[in-house]
Amino acid sequence: MSNLTTLSVDCGGGGIKASVLDGTGSIISDAVRTPTPYPLPPELLVETIVALAVRLPRADRATVGMPGMIRHGVVVATPHYITKDGPRSRVLPELVQAWRRFDMGAALRGALDLPVLVLNDAEVAGAGVVTGQGHEMIVTLGTGLGNAVFDNGVLAPHVEISQGPIRWGLTYDDYIGEHERLRLGDAHWSRRVRRVVDSLRPMYLWDRLYLGGGNSRRIVASQLALLGNDVVVVPNEAGMTGGARCWDMTRP
């Protein structure tokens with residue numbers, strides 16, 4: 001277990017929050033938060049993260065989780081930050097271009113003067129809850145759907161399930177996101193969660209599936225009981241606390 005402290009930053013569609021963790025992943029500073037600003041070019045996200053960091057104790061390194069396909073710190077695609085006013089608003093072509101292949105890792109290393117690990121936000125959350133034994137998957141439920149897979153504690157290459165089709169031409173983000181929970185109510189939305197779990201199980205054949213994110217606590221008891229013994233609901237705080245453990249779980 002490392003003795004290094006970690007600045008952990010969780011970048012969501014509606015808010016960006018940060019705290020400092022000790023080597024075990026325990027939070028050792030009060031978390032700070034700010035609403036996600038829109039429109040959001042890459043440089044503004046970097047500035048926002050730096051502004052949060054200066055409100056916290058200095059750390060030895062930083063972990064940043066953000067939505068989308070991130071490879072080795074480079075943004076291949078991100079779903080929310082290319083829009084005018086946030087999730088489900090108009091996509092701005094200039095932001096699509098600005099975010100494409102943006103090296104967020106390099107930008108933050110320069111701005112924070114720290115070693116920085118940039119991952120998909122669900123990957124960070126998964127690092128906070130997996131046991132490191134067997135084939136484990138996390139699905140996060142919030143603004144949209146996030147996911148990550150770990151094989152004996154090692155993070156697998158990312159698959160952006162959120163943009164895949166599920167029913168009626170809808171993507172997983174469309175089908176299970178916060179906007180649909182608000183429209184349908186928790187009971188009906190929870191049935192959709194169960195359908196999502198049932199659709200993913202034969203593809204991933206996990207040993208254990210974790211359901212995290214802010215909306216996992218909104219799954220109604222009757223649907224929870226039908227999900228199966230291989231499914232565990234975990235606290236949303238994993239999106240922060242995984243910021244320390246993920247340094248030991250990623251491939252070089």
In Å, rounded to the nearest 0.5 Å, how long is the span from CZ of Arg245 to OG1 of Thr250?
12.5 Å

Over all atoms of both residues, closest heavy-atom pair of Pro87 and Thr143:
CG-CG2, 3.3 Å

Can you get from Trp168 to Leu200 by hopping between Ile, Leu, Val, Met, Phe, Trp and Tyr side chains that sit under 4.5 Å apart?
yes

Interatomic distance, CE@Met137 vs CZ@Phe150, rounded to 0.5 Å, equals 11.0 Å

What donor-acceptor contacts under 3.5 angstrom involve side-chain atoms of residues 103-119, with partners at least two apart or in another chain?
| residue | atom | partner | partner atom | Å |
| --- | --- | --- | --- | --- |
| Asp103 | OD1 | Gly105 | N | 3.4 |
| Asp103 | OD1 | Ala106 | N | 3.0 |

Taking the side chain as everything from C-beta on, heavy atoms only, tell me whether Arg201 gets closer than 4.5 Å to Val231.
yes

Which heavy atom in Val9 sits nearest to a heavy atom in Ala18, and how many Å separate them?
CG2-CB, 4.0 Å

Are Asp10 and Val124 close enough that some pair of their side-chain heavy atoms sits under 4.5 Å apart?
no

Quick one: pull up CD1 in Ile27 and OG in Ser8 and give me the separation to the nearest 0.5 Å.
8.0 Å

Below 4.0 angstrom, N of the basic side chain to O of the carboxylate: do Asp198 and Arg195 qualify?
no

Set of residues satisfying side chain to side chain donor-acceptor pair (under 3.5 Å) with respect to Arg183, sequence neighbours excluded:
Glu180

Compare all side-chain heavy atoms of Leu155 with those of Cys246 and state whether any distance is below 4.5 angstrom.
no

Backbone of Leu40 reached by a side-chain donor or acceptor of Trp99 within 3.5 Å
yes

When you group the ILVMFWY residues by side-chain heavy-atom contacts below 4.5 Å and let the links chain together, are Leu4 and Val64 in the same group?
no

Heavy-atom donor-acceptor pair, Thr6 side chain to Ala244 backbone, under 3.5 Å
no

What verdict does the side-chain contact (heavy atoms from CB on, under 4.5 Å) test give for Val130 and Met249, after you've listed the backbone C-alpha separation in whole Å, the side-chain angles of each residue and the deciding distance to 0.1 Å?
CA-CA 10 Å; Val130 296; Met249 295 182 170; 3.8 Å; yes

Do Gln163 and Pro79 make a side-chain contact, defined as non-hydrogen atoms from C-beta onward lying under 4.5 Å apart?
yes

Check whether Ser162 reaches the backbone of Asp173 with its side chain - one donor and one acceptor, N or O, closer than 3.5 Å.
no

Mind listing the closest non-hydrogen atom pair of Pro165 and Tyr172 along with its distance?
O-CE1, 3.7 Å

Out of curiosity, does Met66 fall in the hydrophobic cluster containing Val76 (side-chain heavy atoms, cut-off under 4.5 Å, transitive links)?
no

To the nearest 0.5 Å, atom OG of Ser29 lies from atom CZ of Arg55 at 11.0 Å

With side chains defined as the heavy atoms from C-beta onward, is the minimum distance between Leu95 and Thr83 less than 4.5 Å?
no

Please tell me if the side chains of Arg191 and His188 come closer than 4.5 Å, counting only heavy atoms from C-beta onward.
yes

Going by the rule side chain to side chain donor-acceptor pair (under 3.5 Å), which residues pair with Asn147 if we only count those two or more places apart in sequence or in a different chain?
none

Is Leu21 reachable from Ile28 through a run of I, L, V, M, F, W or Y residues, each pair having side-chain heavy atoms under 4.5 Å apart?
no

Keeping the roles fixed (side chain from Asn152, backbone from Gln133), state whether a donor-acceptor pair exists under 3.5 Å.
no

Can you name the closest pair of heavy atoms from Pro42 and Ala98 and give their distance?
CG-O, 3.5 Å

Does any part of the side chain of Arg181, heavy atoms only, come nearer than 4.5 Å to the side chain of Leu141, both counted from C-beta?
no

Pairing residues for Asp22 by the salt bridge (charged side-chain N to carboxylate O under 4.0 Å, His left out) criterion, not counting sequence neighbours:
none

What distance separates Asp207 CG from Asp151 CG, expressed to the nearest 0.5 Å?
9.0 Å

Asn120 and Met69: side-chain contact (heavy atoms from CB on, under 4.5 Å), yes or no, with the steps?
CA-CA 7 Å; Asn120 173 275; Met69 177 66 81; over 6 Å; no

Interatomic distance, OG1@Thr5 vs CG@Leu56, rounded to 0.5 Å, equals 11.0 Å

Nearest atoms (heavy-atom pairs only) where Thr36 meets Gly15
OG1-N, 2.9 Å

Whether the side chain of Arg208 engages the backbone of Val232 through a donor-acceptor N/O pair (distance < 3.5 Å, no angle test) should be reported.
no

According to a 4.5 Å side-chain heavy-atom criterion applied to Ile, Leu, Val, Met, Phe, Trp and Tyr, with indirect links allowed, do Val193 and Ile138 form part of one hydrophobic cluster?
no

Distance-only donor-acceptor pairs under 3.5 Å for side chains of residues 209-220, two or more places apart:
| residue | atom | partner | partner atom | Å |
| --- | --- | --- | --- | --- |
| Tyr210 | OH | Glu136 | OE2 | 2.6 |
| Asn215 | ND2 | Glu178 | OE1 | 2.7 |
| Ser216 | OG | Gly213 | O | 2.9 |
| Arg217 | NE | Gly214 | O | 3.3 |

Using the salt bridge (charged side-chain N to carboxylate O under 4.0 Å, His left out) rule, collect all pairs that involve residues 62-89, keeping only residues at least two apart or in two chains.
Arg88-Asp174

Side-chain heavy-atom pair Tyr204, Ile161 within 4.5 angstrom cut-off:
yes

Which of these, Thr140, Val196, Ile166, sits in a side-chain contact (heavy atoms from CB on, under 4.5 Å) with Leu145?
Val196

Nearest heavy-atom neighbours spanning Tyr38 and Gly13
OH-O, 2.7 Å

